[in-house]
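One-based numbering, in listed order, for ligands and for the atoms of each. Because only heavy atoms are used, hydrogens play no part in the values below, and waters and symmetry mates are left out as well, while side chains stay in. No experiment lies behind these values; they were computed from the predicted model shown.
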Amino acid sequence: MLPPPLILFLVTFSIQISSSSAAAAPPIGHQSHFTKHNYHLKNDKKSDSYPQYFEITRPLPLDTLIPSCTLPVFSHVFNNTIGLPPATAYYFPPANCTWSNVTLHLSVASNVSRYDPIAGVWLDGAEILRTSTAESSADGVFWNVRKDITRYSSLLRRENLTLSIMLNNVVNDITSGVYRLKLTFLYYDTHSNETNTDDVNILSSSFPLYQKSTVMKRGENPLISSSNREEKSLDLYEKPADLIIPVSGIGDEGFWFKIENDNDVKSVGIQIPSNTYKAVIEVYVSFHGNDEFWYSNPPDSYIEQNNLNTKQGHGAYREVLVTLDDNVVGSVIPFPVIFTSGINPLFWEPIVAIGAFDLPSYDFELTPFLGMLLDGKVHSFGLKVADAISFWLVDANLHLWLDDNLKEVQAMPIEYSVPSIKLERESKFNQLDGSFKVEVESKSEYSGWVNSSMGNLTTYVNQELNFENTIKFDNSGTEKVVKQEVKVKIEIKVKSSTGNSISSTTVERKYPLEITTTTVVGSAKNTYLMTTKLEHSLKEEKSDDNFSSTLSNRQECRGWVFVRDHDVLSGAATTEQSYTYKDDNSCYSQKLTAANGVLGNNTSSLLCSSSL
Ligand SMILES: *[C@@H]1O[C@H](CO)[C@@H](O)[C@H](O)[C@H]1NC(C)=O
Ligand SMILES: *[C@@H]1O[C@H](CO)[C@@H](O)[C@H](O)[C@H]1NC(C)=O
Ligand SMILES: *[C@@H]1O[C@H](CO)[C@@H](O)[C@H](O)[C@H]1NC(C)=O
Ligand SMILES: *[C@@H]1O[C@H](CO)[C@@H](O)[C@H](O)[C@H]1NC(C)=O
Ligand SMILES: *[C@@H]1O[C@H](CO)[C@@H](O)[C@H](O)[C@H]1NC(C)=O
Ligand SMILES: *[C@@H]1O[C@H](CO)[C@@H](O)[C@H](O)[C@H]1NC(C)=O
Ligand SMILES: *[C@@H]1O[C@H](CO)[C@@H](O)[C@H](O)[C@H]1NC(C)=O
Ligand SMILES: *[C@@H]1O[C@H](CO)[C@@H](O)[C@H](O)[C@H]1NC(C)=O
Ligand SMILES: *[C@@H]1O[C@H](CO)[C@@H](O)[C@H](O)[C@H]1NC(C)=O
Ligand SMILES: *[C@@H]1O[C@H](CO)[C@@H](O)[C@H](O)[C@H]1NC(C)=O
Ligand SMILES: *[C@@H]1O[C@H](CO)[C@@H](O)[C@H](O)[C@H]1NC(C)=O
């Protein structure tokens, strides 16, 4: 049982609402992120352990197995790291260890942070994790991130690679909090018969987070009944790639590229091996600065004509584009991950926003383009963000599968239609009130054949995207409603030269977002009261010939904050989340509530009722 929620804060400021708009500069027209400098969640109570934050996910299938080896890879205190290059360590795979699958466990603890910097983890310049960090109130905070990194196996088997972690922390007169990170890789042999019975709970570690760098070897574990929980891979491929080539920067400020405007294209020339029979590019992305809340940015004309003191403009449409020799070969409107200082920072205690600790990456099937790539020449792989303003952090990994039996495979593109994009914008406003709408519809189709030792196979890729965003301002701009809907459908079919279907995969994603904020100016200088409401979800359906899964992850948050400048002085919030994953073999469901920083109801179940 969880303790009942405490009465957590005292409103020590009398909130008097003044009708004069001269008293403060509330965030009209734009979205703010906040600090919690003066906001104490618990009544200054000093406890010896920090509270834990969570991103709600399901257990990984690998969690039920005993790892063959556990490798503490990296442990570091990020003190004042602003302007410094990433922290690094040399990576060696564990010696004498048989493994087929790997998970990453990152433990982070912070004593008082008023920032929520973005962090990235790279192996030999290839990104393996993008995570945001939690802003904490006076108590400090810790959290854990787990991720299946089996897809990076070809890197994980190599010796002496540089592992880099970038996290820009600020320590100065005002703030002295540090971040302690501990990164551990767990290696599993899924062909062995062992299952996890003792609670090998490396997740329950709490601050402090130091551990000796030793490789722990599997002991004589009793053989338990054979595990049949091996989840069928639903990625664009069955087995991990044979070679991963980063499409990333030089690494002095992290390997990501910083994109600051629409014309900014970052590219890398790559010559791929001539026996490549399959290629996928995986893109990592996060948005910051004036584009942190890109989905709520009004057009520039609204900002200019109202003389608003914000640069968060350029409308609310952004699309990340992957280019190959200047042709667009993939695009995505990213899932709008909200960091812990965003919208209302009290929403994200202790449950953070969807994707905040493990930002999604996006895969694009490039096999139909192998006909262009297998000519032995260097080709340019590029990344850009349509309509971007400063700044976006993007990079990518090119995953390549190689034919062991051949020196060269043959390939030809069949169809490449320039993606058809229909973009419509509507804008009407009178002073601070008005409404803005952007609608995008795009379709793309690619196909090509590859004649390898597996036969002459043709890959067809079909992608459909629907995007709609509306922003409405009422009450002299003090009431703002943002509604966004993104729908994507990707179909990949592989056929033999006789026309037989080899495989057929469909992925559908929907991610609606709705944000309502109402701002009222306070009587004290530079203060305002903001009420906030947020509904956010991710729905994903995947299926191939033999397997299907659905995920539904939804958050609903309500609350208010009383703010001076960007500092939260007081406030209250509740967050409700429901998470349900279902596939042909298993089901997992969690429903939680959090109110004012305390986790309330938590029901979770491995057996969902059929109505879910
Ligand atoms: C962090 O850096 C400051 C000086 O910049 C130093 O005084 C402090 O001891 C450092 N803290 C840790 C934990 O290294
Ligand atoms: C690996 O195992 C072999 C044979 O069991 C042993 O000779 C060798 O010393 C081991 N190497 C390491 C690094 O443990
Ligand atoms: C690992 O690589 C670094 C630099 O690339 C080198 O200095 C170091 O000696 C290497 N370590 C081993 C054990 O090979
Ligand atoms: C956080 O921890 C570091 C290292 O122990 C210390 O130097 C710093 O003063 C602490 N900051 C706060 C606000 O407790
Ligand atoms: C797993 O168990 C089966 C039957 O008990 C046995 O035949 C097989 O060799 C075992 N596999 C391994 C890798 O131990
Ligand atoms: C292990 O990795 C393989 C290859 O990616 C995958 O097919 C399999 O499902 C994974 N097993 C588990 C238990 O995650
Ligand atoms: C490609 O196709 C031709 C004719 O179908 C076949 O003879 C050849 O062995 C195939 N493989 C390669 C790698 O060219
Ligand atoms: C492979 O199949 C495609 C479509 O079926 C065909 O056009 C092409 O000529 C074939 N390639 C080879 C080498 O047989
Ligand atoms: C589906 O199952 C059939 C028969 O078990 C197998 O031949 C086929 O390769 C499987 N398809 C995929 C995409 O895994
Ligand atoms: C738990 O759920 C019940 C009913 O759904 C609700 O009335 C109650 O307020 C919740 N408790 C907390 C702490 O959120
Ligand atoms: C909710 O309860 C389940 C089952 O007891 C547990 O596995 C899960 O970690 C809990 N969630 C949180 C955020 O504490």
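Using a 30° and 60° split on the angle between ring planes, Trp122 and Trp256 fall in the perpendicular class, above 60°.
Atoms of ligand 6 lying under 4.0 Å from any heavy atom of Pro240, numbered from 1 in the order shown and given with element: 4 (C), 5 (O). The Asn456 neighbourhood of ligand 8 comprises atoms 1 (C), 2 (O), 3 (C), 8 (C), 10 (C), 11 (N), 12 (C), 14 (O), with distances under 4.0 Å to a heavy atom of that residue. Residue contact check: Thr150 has heavy atoms under 4.0 Å from atoms 2 (O), 5 (O) of ligand 6.
Selection from Asp148, Asn101, Leu60, Asp189 by nearest heavy atom to atom 3 (C) of ligand 6 gives Asn101.
Donor-acceptor pairing under 3.5 Å is recorded for the side chains of Ser453 and Asp403. Side-chain contact check for His399 and Glu282: at least one donor-acceptor pair (N or O, by modelled atom type) lies under 3.5 Å. A donor and an acceptor atom, one from each side chain of Asp584 and Ser548, are located under 3.5 Å apart. Defined by atom type and a distance below 3.5 Å, a donor-acceptor pair is missing between the side-chain atoms of Ser164 and Thr162. Using a 3.5 Å distance cut-off with no hydrogens or angles, the side chains of Gln590 and Tyr588 do pair a donor with an acceptor.
If you check which protein heavy atom lies closest to atom 13 (C) of ligand 3, you get Phe92 CZ, 3.5 Å. The closest protein non-hydrogen atom to atom 7 (O) of ligand 3 is Tyr90 OH, 4.5 Å.
For ligand 6, the polar-atom distance check against Thr190 finds no nitrogen or oxygen pair separated by under 3.5 Å. Ligand 8 has no nitrogen or oxygen under 3.5 angstrom from a nitrogen or oxygen of Gln410. Ligand 3 has an N or O atom lying under 3.5 Å from an N or O atom of Asn160, backbone or side chain.
Inside a 4.0 Å radius of atom 11 (N) of ligand 3 there is at least one protein heavy atom.
With Phe74 as the partner, the side chain to side chain contact (heavy atoms under 4.5 Å, CB included) test is satisfied by one option alone out of Thr88, Leu106, Leu183: Leu183.
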